[in-house]
Amino acid sequence: ILNVEQSPQSLHVQEGDSTNFTCSFPSSNFYALHWYRWETAKSPEALFVMTLNGDEKKKGRISATLNTKEGYSYLYIKGSQPEDSATYLCAFTGATNKLIFGTGTLLAVQP
Amino acid sequence: DTGVSQDPRHKITKRGQNVTFRCDPISEHNRLYWYRQTLGQGPEFLTYFQNEAQLEKSRLLSDRFSAERPKGSFSTLEIQRTEQGDSAMYLCASSLGVLAGGEQYFGPGTRLTVT
């Protein structure tokens, strides 16, 4: 059984705080690790797709790292803003095309 | 809007009724996926198509569920004899390519409530 785990389950921070989330996934049969941001009543939005061990990706104030040998990825948000409030999902892709998701981290940023 | 669209956005139905959802993928995408998300869980894979061929189905997809993609464009997901446990958000995604791990683009989902 392939298991993807995310922590923490939820996080409340103040505007301007920096924060990070963890995603752990199976290290065998790895193809890609995806991060999505999902705001209420909207489509999940792809943030990053990472495939190589040691990958680091950045989009504005958000960045992510990948360690495929030990099976974890970190997502960092620098200087959180209220508009960053959302559920952040990571998903693992193995030899098939389906995404195997974690349960997500719910981020609430207080102004 | 050239993204993935889903219809309806919300559906309330009584137990035992049949429901059908539609997904229109991004036009050039050859792959289409269905996922289901229940409260407190991440989305779970249901099935996927490459063009019109249904290539994989999850064990979550009971006999009451059927999905089609007749011309390799839009897809429908039908649930027969709905049960309260079918209440969930049904998400559709599409992607382009033949390799595993490609980026999937999601629609806004159809929220099903079975009363």
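Letters A, B, ... mirror the listed sequences (proteins, then strands); counts begin at 1. What you are looking at is a predicted structure, and each value in this text was computed from that prediction instead of being measured.
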**Q** For residues B/Leu112 and B/Phe45: do they belong to one hydrophobic cluster (side chain heavy atoms under 4.5 Å, members Ile, Leu, Val, Met, Phe, Trp, Tyr)?
**A**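 They do not share one cluster, since no chain of ILVMFWY contacts under 4.5 Å joins B/Leu112 to B/Phe45.
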**Q** Can you tell which of B/Gly107, B/Ser58, B/Ser95 has the highest number of heavy-atom pairs within less than 4.5 Å of chain A?
**A**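 Looking at each of B/Gly107, B/Ser58, B/Ser95 in turn, B/Gly107 comes out on top.
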**Q** If I measure from the heavy atoms of chain B, does A/Leu99 come under 4.5 Å with its side chain, its backbone, both, or neither?
**A**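 Contact with chain B involves both backbone and side-chain atoms of A/Leu99.
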**Q** Is the terminal nitrogen or CZ of B/Arg22 (NZ for Lys, CZ for Arg) located under 6.0 angstrom from the six-membered ring centre of B/Phe74 and within 45° of that ring's axis?
**A**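 B/Arg22 over B/Phe74 ring: yes.
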**Q** Let me know if A/Lys42 has heavy atoms under 4.5 Å from chain B in its side chain, its backbone, both or neither.
**A**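 It is the backbone, since no side chain atom gets that close.
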**Q** Just give me the residue among B/Gly109, B/Gly42, B/Pro43 that pairs up with chain A most often, heavy atom to heavy atom, under 4.5 Å.
**A**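 The option with the most such pairs is B/Pro43.
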**Q** Contact part of B/Leu55 toward chain A, heavy-atom cut-off under 4.5 Å: side chain, backbone, both or neither?
**A**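 Contact with chain A involves no heavy atom of B/Leu55 at all.
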**Q** Chain B contacts: which residues in residues 76-88 of chain A have a non-hydrogen atom closer than 4.5 Å to it?
**A**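 Expected list: none.
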**Q** Any side-chain to backbone donor/acceptor pair from A/Lys98 onto A/Thr93? Under 3.5 Å, distance only.
**A**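 No, because the side chain of A/Lys98 does not come within donor-acceptor range (under 3.5 Å) of the backbone of A/Thr93.
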**Q** For residues A/Phe48 and A/His34, establish whether the separation of their ring centroids is below 6.0 Å.
**A**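 Ring centres of A/His34 and A/Phe48 not closer than 6.0 Å.
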**Q** In plain terms, say whether B/Asp86 and B/Arg64 are close enough for a salt bridge, that is, a side-chain N and a carboxylate O under 4.0 Å apart.
**A**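 Yes, charged N to carboxylate O under 4.0 Å.
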**Q** Is B/Gln6 close to chain A through its backbone or its side chain, or both, or neither, when contacts mean heavy atoms under 4.5 Å?
**A**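 Neither; nothing under 4.5 Å.
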**Q** Salt bridge or not between B/Arg69 and B/Glu52? Use side-chain N to carboxylate O under 4.0 Å.
**A**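 Salt bridge between B/Arg69 and B/Glu52, a charged N being under 4.0 Å from a carboxylate O: no.
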**Q** Which atoms of B/Glu56 come close to chain A, meaning under 4.5 Å heavy atom to heavy atom: side chain ones, backbone ones, both, or neither?
**A**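 Side chain only.
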**Q** Below 4.5 Å from any heavy atom of chain B, which atoms of A/Tyr36 appear? Answer side chain, backbone, both or neither.
**A**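 Contact with chain B involves the side chain of A/Tyr36 alone.
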**Q** Going by disulfide (SG to SG under 2.5 Å), name the pairs with one or both residues in residues 82-111 of chain A, residues two or more places apart or in two chains.
**A**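 The answer is A/Cys23-A/Cys90.
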**Q** Between A/Phe21 and A/Tyr74, does the ring centroid distance fall short of 6.0 Å?
**A**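 Not under 6.0 Å, so no.
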**Q** Could you tell me how the ring of B/Phe106 sits relative to the ring of A/Phe101: parallel (under 30°), tilted (30 to 60°) or perpendicular (over 60°)?
**A**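 Ring orientation, 0 to 90° scale: perpendicular.
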**Q** Does A/Asp55 use its side chain to pair, donor to acceptor, with the backbone of A/Met50 at less than 3.5 Å?
**A**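 Judged by distance alone, no pair lies under 3.5 Å.
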**Q** Which atoms of B/Arg111 come close to chain A, meaning under 4.5 Å heavy atom to heavy atom: side chain ones, backbone ones, both, or neither?
**A**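 The answer is neither part of B/Arg111.
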